[in-house]
Amino acid sequence: MNIQDIVNTVSNTADIDPMTTEKVVGTILSVLRHETEGTSVEQMFDKIPGSLDLAQKYDVMAANASAGSGGLLGSLQGALGSVLGEKAGALVNGLSQLQASGLDMDQIRKAGTALVAQAEAAAGPQLTNQVLGQVPGLKSQLGLS
C-alpha cells in the first residue's frame with residue numbers, strides 16, 4: 001500500500017475531495033516528521049512508499065507554510081514557533097494548515113482517524129501508535145486520545 005492508496009481510501013472514508021485529502025494527509029505526515037524523534041517515523045515512512053515525499057510537499061515548517069495566516073493568527077504562530085522551538089511550531093503550523101483547508105474539525109477528525117487506520121494497515125499498529133504517541137497534541141486534535 002502506497003501513500004496514494006491511503007489518500008484515496010481516506011478521501012472515500014471521510015467523504016472529502018481527493019486534493020483536499022492529499023493536503024490534510026500531507027500536513028499530518030509533515031507534523032509527524034517534525035515532531036517525532038528517533039527512527040520510528042522514518043520506519044513508518046519506509047513502509048508507506050511516497051509518504052515522505054507527501055510530507056515534504058506539505059511541509060508545515062516551510063517559509064510559506066504560514067504565509068496565508070496573516071493577522072493575529074500569523075503573529076501568534078511566529079511567536080510560538082520562536083519561543084517554543086521547531087517542535088511546537090510544527091504542531092501549531094500544522095493545525096493552522098488543517099483549519100485553513102476549509103474543513104471543519106469533524107471532517108479533519110474523520111480524515112485523521114481514517115489516516116491512522118490506513119497507516120496501521122500499512123506500517124503496523126505498534127509502529128503507528130509509537131509514532132503517534134510522540135505527538136499527543138496532534139492525537140488530541142484528531143480525537144485519537
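Since this is a predicted model, take the numbers as computed values, not measurements.
Among all heavy-atom pairs drawn from A111 and V24, the shortest one is CB-CG1, 4.0 Å. For the pair N2 and Q4, the tightest heavy-atom approach, listed with the atom from each and the gap, is OD1-N, 2.9 Å. Taking both residues in full, the closest heavy atoms of V60 and S30 are given as N-OG, 2.9 Å, listed atom of the first, atom of the second, then distance. Of all the heavy atoms in A123 and T128, the pair that sits closest is CB-OG1, 4.1 Å. Listed here is the closest heavy atom pair of T113 and L142: OG1-O, 4.1 Å. In terms of heavy atoms, S51 sits closest to I3 at N-CB, 3.8 Å.
Not a single donor-acceptor pair under 3.5 Å links the side chain of D53 to the backbone N or O of G50. Checking side-chain atoms of D5 against main-chain N and O of M1 turns up no donor-acceptor pair under 3.5 Å. Judged by distance alone, with hydrogens and angles left aside, the side-chain atoms of S11 form a donor-acceptor pair with the main-chain N or O of I16 at under 3.5 Å. A donor-acceptor pair is defined here as one N or O able to donate and one able to accept, closer than 3.5 Å; no such pair exists between the side chain of Q99 and the backbone of S96. Between the side chain of R33 and the main chain of V41, no donor-acceptor pair closer than 3.5 Å is present.
No side-chain heavy atom of L52 sits less than 4.5 Å from a side-chain heavy atom of E42. Contact check for L95 versus V31: no side-chain heavy atoms found under the 4.5 Å cut-off.
Checking each of T21, L29, I48 against I6 for a side-chain contact (heavy atoms from CB on, under 4.5 Å) leaves exactly one that passes, namely I48.
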Go through the steps to decide whether H34 and D59 satisfy the test side chain to side chain contact (heavy atoms under 4.5 Å, CB included), and finish with yes or no.
CA-CA 9 Å; H34 286 286; D59 189 353; 2.6 Å; yes
Should L103 and L98 be marked as a side chain to side chain contact (heavy atoms under 4.5 Å, CB included) after you check the CA-CA gap, both sets of side-chain angles, and the distance that decides it?
CA-CA 7 Å; L103 302 178; L98 289 173; over 6 Å; no
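A donor and an acceptor atom, one from each side chain of Q97 and N93, are nowhere located under 3.5 Å apart. Checking Q134 against S40 by side-chain atom types alone, a donor-acceptor pair falls below 3.5 Å.
Applying the 6.0 Å contact sphere to CE of M105 captures more than 12 heavy atoms from other residues, nucleotides or ligands. Residue-environment remark: CG (D17) exceeds the threshold of 12 foreign heavy atoms within 6.0 Å.
For K57, the salt bridge (Lys or Arg N to Asp or Glu O under 4.0 Å) test picks out E22, with sequence neighbours left out.
In this structure, the separation between CD on Q118 and OG1 on T13 is 6.5 Å, given to the nearest 0.5 Å. The CG atom of L32 sits 6.0 Å away from atom CG of L132, with the distance rounded to the nearest 0.5 Å.
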